[in-house]
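See below for the structure under consideration.
Because the structure is a prediction, the values reported are computed rather than measured. Every chain is numbered from 1, with letters handed out A, B, ... down the list of sequences.
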Amino acid sequence: MTTRPVECVAEDSLGEILSLPDSDARRAHLESCPRCRALVVGYRQFLEPSREAAHGYGTQEETHLTAFRERLSGAVPAEPARVDERSGDPRVPGGPWWSRAFAPPLRVAWALVAVAVVFGGLWLGPRSRLRGTEPVLRGGTTVALAIGEAIALPDGGIRLSWQPHPEAEHYEVRFYSTALAEIGRRNAGREPRVTIGPADMPEVYRAGNVVVYRIAALTGADELEVSAPGSLQRP
Amino acid sequence: MRSPEPDDRLDEALIQTVASDPQNRAGQAAASELLGRYQQRVYLWCYRYVRERERALDLAQEVLASAWRALPKFRHGSKFSWWMFVTTRNRCINAVPAPSLLRDDQAGLDRLPAASPDPAVEYEQERDEEAVRRLMIEHLDEDERLALWMGCFERMPVEGITQALKLANASGARALLQRARRKLRAALEARAREAT
């Protein structure tokens, strides 16, 4: 077989070409060129690892890399990771989490942490104790509560859905600015879906700006899980 | 345990927050959130290359640290997910040795050294990426090109190629690589004969 070689594209440009329609001539090059096709196949695999591959990433890897990320940001002092009381999974050796959490020398540290950042790697007991502090959105990739499609309604409201949590009594939608400061909460009831009218959407959303949101699964006042964030923007 | 779904709009919003003031708390939190959305993907890609947990964690940390430093300079308008992939991929490629283009290193010596200069050896030494790309397009079918390029230039192990091509097992990728190498070598030898 003979094919006239075509000019290849720079790596930086490849990412933009992927956004072009399939009919674009530059997209055709991606299929025939081994270099470009390898990059595109790699990119797709990177975004969506296979189910078998994903089994290689568990709680230990998540905790390790989350702690490393926190050290990068310098947001959290070197603290022992929390113990997940519900699962009985001791993430640090020696002692139940509550004795560590409320030991006097740590109370000041916890207050600073609560003000500076509340991160998923640090469980401080029932979340209700932290109400009133300034929660800051942080990375969470391990939660089971997965958000579904967010639909922007013509009247300016939104319709959200998510995977149900087996123990949740009700859900809450939490809105954040792009600076990741919480700007509002809305009760979402018992079902894993909610329609929020325009008047109940945050002002920044009504103004046409991007808003970040998460879904919290609750039982009573206690938080069971919080989803990874999603984004919303009025069309 | 799944990564959050890709969300270019959220990525872009977080990047803008980082860019507006990378040193303040909001910028740092946004950067951490952004990298957190990809840390599982980064780890799994690194593991694909080094096939060992501790090395994969070390490599993933290098990638995250490198991305952290470069975030304030990220060029807006391009996809962050693409940039994160390229950053991870480049670091992984540098972490493993370059396999032979024309020999299966795991198969051992499969032919006696040629009496006359071996065009394949010269080709191997130069490793002119553009010349190889053109030769592959001319002489290999699509899957052969992809497998050989991934193995030799992306330096992906056979297991990674198997996953990327969605083959049933590793022997499928190995057979593909052997066939591709055989055809490429034959093309080089034919070219050398024509030149003499």
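No side-chain donor from either of B:Q39 and A:E61 sits under 3.5 Å from a side-chain acceptor of the other. For the residue pair B:S32 / A:R69, a side-chain donor-acceptor distance below 3.5 Å is found, with atom types taken as modelled.
Only the side chain of B:T88 comes within less than 4.5 Å of a heavy atom in chain A; its backbone stays farther off. Of the two parts of B:R69, neither the backbone nor the side chain holds a non-hydrogen atom closer than 4.5 Å to a non-hydrogen atom of chain A. Looking at A:F68, the atoms closer than 4.5 Å to chain B (heavy atoms on both sides) all sit in the side chain, from C-beta outward. For A:L39, the parts lying near chain B are the backbone and the side chain together; criterion is any non-hydrogen pair under 4.5 Å. For chain A, no part of B:V18 is nearby; none of its heavy atoms comes within less than 4.5 Å. Using a 4.5 Å cut-off between heavy atoms, B:M156 does not touch chain A at all. Both the backbone and the side chain of B:D143 come within contact range of chain A, judged by heavy atoms closer than 4.5 Å.
If you look at B:F80 and B:F74, their ring centroids are closer than 6.0 Å.
Looking only at heavy-atom pairs under 4.5 Å with chain B, the residue among A:I147, A:N209, A:L47 that has the most is A:L47. Ranked by heavy-atom pairs shorter than 4.5 Å toward chain A, the options B:A65, B:S81, B:A26, B:A56 are led by B:S81. With chain A as the partner, the residue from B:M150, B:M136, B:Q61 showing the most heavy-atom pairs under 4.5 Å is B:Q61.
Ring-plane geometry between B:W45 and A:F46 is classed as perpendicular, the angle between the planes exceeding 60 degrees on a 0 to 90 degree scale with a lower cut at 30.
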- Message: ring-ring contact (aromatic ring centres under 6.0 Å, His included), that's the test. Do A:Y57 and B:Y43 meet it? Break it down for me.
- Response: CA-CA 8 Å; A:Y57 186 88; B:Y43 172 84; 5.6 Å; yes

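A donor-acceptor pair is defined here as one N or O able to donate and one able to accept, closer than 3.5 Å; such a pair exists between the side chain of B:R155 and the backbone of B:I93.
Salt bridge B:E142/B:R145: absent, no basic N to carboxylate O contact under 4.0 Å.
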